[in-house]
Amino acid sequence: MCRAKGSPMRGTRVKDVLSSPSSGGEALVHGWIRTARHSKGFSFVEINDGSTIHNLQAVCDASLPNYESAIKHLGTGASVQVAGKVVDSPGKGQKFELQASSVHVYGMAPDYPLQKKGHTMEFLRTIAHLRPRSNTFGSVLRVRHLMAKAVHDFFSREGFYYLQTPIITASDCEGAGAMFRVTTLPAGQPPRDEMGKVDFTQDFFGKEAHLTVSGQLAAETAALALSRVYTFGPTFRAENSNTTRHLAEFWMVEPELAFADLVDDMDLAERFLRSIFRVVLEEGADDMAFFAERIDKTAVQTLQHVVENDFVRMTYTEAVDILQKSGKTFEFPVQWGVDLQSEHERYLTEEHVKRPVILTNYPKEIKAFYMRLNDDERTVAAMDVLVPRIGEIIGGSQREERLDVLERRLREMGLPIEDYQWYLDTRRFGTAPHAGFGLGFERTIQFATGLGNIRDCIAFPRTPGSAEF
RNA sequence: UCCUCGGUAGCUCAAUGGCAGAGCGGGCGGCUGUUAACCGCUAGGUUGUAGGUUCGAGUCCUACCCGGGGAGCCA
């Protein structure tokens with residue numbers, strides 16, 4: 001059947017029907033049945049189309065022509081089109097319902113694996129192709145969208161330009177962990193050089209290539225031209241990490257701003273997080289209420305608390321002091337110079353300050369080469385935003401803009417300076433103080449929703465040993 | 001990668017070394033306003049895999065596979 005150009009999208013979204021100002025209108029809705037209750041003379045069929053967590057209850061009378069042949073047999077998972085009148089519901093639990101005048105069944109769902117009862121998140125992961133139809137995952141996907149939109153809105157408002165950095169990188173200078181190789185060489189018998197090593201000059205890019213672990217270095221080059229840029233894209237880590245907080249493929253937001261120092265960076269990070277959480281609370285209220293009801297009772301109040309209160313800022317040195325004087329016995333003792341363990345971060349955020357905390361000025365030995373060396377020559381202008389339960393969701397720094405210091409730091413850390421010439425050029429030609437940070441997008445979703453496992457914060461999670469679907 | 005817990009029906013889980021079960025879901029029937037509807041009937045199993053101990057193994061032992069949680073690493 002061919003429709004005229006410019007004719008309206010078929011039907012009304014469930015969300016719009018449920019938020020109608022009044023009953024009385026006609027509506028045509030499409031969706032999937034979440035639950036059906038059949039009585040002798042009629043059926044209640046609850047329809048969800050993903051536009052909201054809520055279902056629209058359609059009342060289907062036995063006088064409908066396909067009642068005996070189809071409607072009576074409808075169960076969870078079936079897809080339908082229902083036309084009817086929007087009426088005030090005499091029952092409890094919903095304001096409006098749809099008095100069906102016609103029901104078209106697109107597809108039945110025999111042996112549908114999703115039940116109307118609760119499923120474990122572990123089981124839902126095994127049917128990742130169907131879990132968008134679950135309440136929890138529908139809410140995750142809607143909140144994820146809201147947050148992505150909020151990211152772009154925030155930076156656009158703040159004068160940042162959205163930059164797309166490469167996913168394939170042929171330089172090995174990103175140095176942020178194990179990388180996935182990208183190659184077209186035959187896996188079994190790759191060409192070898194005289195030394196017997198794989199000859200990457202014959203590979204697709206003429207050299208060894210990998211998937212990006214960060215867009216930061218590329219973002220710096222653009223920030224030193226457009227002043228304020230941000231990236232938002234997929235990022236890959238080949239670490240064998242099996243935790244509730246790690247993915248092999250995740251999304252990262254990386255703003256980079258010129259003529260800025262560490263305080264500007266922290267101010268931006270705090271403003272940014274509070275802004276996107278405010279959007280989730282306001283525009284995702286229904287989904288957040290669901291998370292509070294089913295996933296984490298404190299989900300909404302936690303976010304409100306974050307939105308309404310300033311983050312606590314302290315230096316690494318102060319944090320070490322607090323931990324040492326805490327009276328707590330940690331599995332790993334704290335001493336100045338070592339990186340903080342999970343238990344330390346959790347004590348700081350969950351017990352000591354009970355809200356997000358920004359730690360600054362870490363020892364240079366435990367941070368990356370590009371972070372600006374402080375005047376004490378022992379610490380760098382780094383900042384990590386730690387939140388309760390998750391730990392680090394943002395890592396950032398003021399960047400080292402002084403050419404001589406940057407070259408010295410590269411040498412100290414044993415990195416091949418010749419590979420960084422293009423990066424050093426940004427300091428040779430009109431260098432400028434600048435700063436930036438990276439936000440783990442899924443970790444942020446995990447924090448906002450209260451979900452226990454980051455694998456439930458992305459549609460198709462990739463983890464060691466698992467790339468299904 | 002290490003530590004730890006687990007794997008029984010489609011799902012969630014019971015079962016002292018001695019007949020493999022329940023609830024939900026599915027199917028069939030009943031019920032004129034349900035809300036994870038309710039009532040009755042019914043089908044549904046290579047107890048993760050491979051060995052071993054034992055008269056007898058879902059249960060004990062060994063190895064492996066898969067999953068959860070914690071740690072490391074990090075965002």
Side-chain angles (χ1 to χ4, degrees), chain A residues 34-46 54-63 72-73 75-77 87-94 97 99 108-127 130 134-135 175-178 213-216 234-254 269 294 330-332 339-346 366-368 384-387 390-396 437-447 452-458 463-466 468:
Chain A
R34 281 297 171 76
T35 174
R37 295 177 290 275
H38 306 285
S39 290
K40 185 178 179 71
F42 55 92
S43 296
F44 294 105
V45 173
E46 288 191 32
H54 301 296
N55 303 329
L56 175 63
Q57 173 168 285
V59 185
C60 307
D61 195 85
S63 62
K72 207 172 95 171
H73 306 285
T76 306
V87 299
D88 296 314
S89 178
K92 289 174 183 168
Q94 60 279 317
E97 63 187 22
Q99 188 65 49
M108 299 294 279
D111 301 317
Y112 188 60
L114 279 167
Q115 300 176 15
K116 48 190 152 187
K117 290 190 70 169
H119 285 296
T120 61
M121 298 306 284
E122 293 80 39
F123 172 69
L124 290 176
R125 259 170 245 150
T126 68
I127 50 166
L130 294 174
S134 66
N135 283 332
V213 293
S214 164
Q216 181 198 316
T235 309
F236 307 87
R237 301 281 165 87
E239 307 282 356
N240 189 14
S241 300
N242 294 286
T243 79
T244 54
R245 306 180 301 283
H246 287 87
L247 292 166
E249 177 182 292
F250 64 100
W251 285 64
M252 191 152 64
V253 179
E254 295 179 285
R294 294 295 179 88
F330 295 110
E331 187 183 348
F332 297 92
D339 213 352
L340 299 182
Q341 307 290 317
S342 291
E343 56 177 343
H344 307 141
E345 295 181 351
R346 295 189 70 143
I366 59 174
K367 288 293 181 183
D384 284 359
V385 179
L386 312 179
V387 296
I390 311 289
E392 182 181 350
I393 61 170
I394 281 179
F437 63 79
L439 167 97
F441 192 56
E442 286 77 14
R443 282 189 184 176
T444 310
I445 294 168
Q446 195 184 352
F447 176 70
N453 195 313
I454 200 167
R455 292 163 207 180
D456 305 318
C457 297
I458 188 168
T463 53
S466 177
E468 295 300 307

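Small disclaimer: the values here were computed from a predicted structure and weren't measured. Numbered from 1 within each chain, the chains take letters A, B, ... in sequence-line order.
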Under 4.0 angstrom, heavy atoms only, what part of the nucleic acid is [X] near: base, sugar-phosphate, or nothing?
| X | result |
| --- | --- |
| A:Ser43 | nothing |
| A:Glu343 | nothing |
| A:Thr244 | sugar-phosphate |
| A:Ser342 | sugar-phosphate |

Once hydrogens and angles are ignored, does a donor-acceptor distance under 3.5 Å link the base of [N] to the side chain of [X]?
| X | N | answer |
| --- | --- | --- |
| A:Gln94 | B:U34 | yes |
| A:His119 | B:C11 | no |
| A:Ser241 | B:C74 | no |
| A:Gln115 | B:U12 | no |
| A:His38 | B:C31 | no |

If we take the [atom1] atom in both [N] and [M], what is their distance in whole Å?
| N | M | atom1 | answer |
| --- | --- | --- | --- |
| B:U47 | B:U8 | C1' | 4 Å |
| B:C60 | B:G7 | P | 10 Å |
| B:U12 | B:G25 | P | 15 Å |
| B:A57 | B:A20 | P | 12 Å |

Practice problem: On RNA chain B, check which nucleotide each of A:Arg125 and A:Ala36 is closest to and give me the residue with the more 5' one. | Solution: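 With A:Arg125 and A:Ala36 compared, the 5'-side residue is A:Ala36.
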Quiz item: So, are A:Arg37 and A:Glu46 salt-bridged, with charged N and O less than 4.0 Å apart?
Solution: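 Salt bridge present between A:Arg37 and A:Glu46.
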Could you list, one pair per line, each protein nitrogen or oxygen that sits under 3.5 Å from a nitrogen or oxygen of nucleotides 44-50 of chain B, together with the distance?
none

Could you tell me the separation between the [atom1] atom of [X] and the [atom2] atom of [N], rounded to a whole number of Å?
| X | N | atom1 | atom2 | value |
| --- | --- | --- | --- | --- |
| A:Leu439 | B:C74 | CG | P | 18 Å |
| A:Leu247 | B:A75 | CG | P | 14 Å |
| A:Glu122 | B:G6 | CD | P | 15 Å |

Quiz item: List RNA chain B stems (3 or more consecutive Watson-Crick/G-U pairs, under 3.5 Å)?
Solution: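 Stems (3+ consecutive pairs) listed as B:1-7 with B:65-71, B:10-13 with B:21-24, B:26-30 with B:38-42, B:48-52 with B:60-64.
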Exercise. Give the nucleotide from the list B:U34, B:U32, B:G70 with an atom nearest to the side chain of A:Lys40.
Key: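 The nucleotide sitting nearest to the side chain is B:U32.
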Quiz prompt | Distance test, side-chain N/O of A:Thr243 to OP1/OP2 of B:C74, below 4.0 Å | solution =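 No, no such contact exists.
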Quiz item: Any stacking of A:Phe250 on B:A75, going by centres under 5.5 angstrom and planes within less than 30 degrees?
Solution: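 Per 5.5 Å and 30° rule: yes, stacked.
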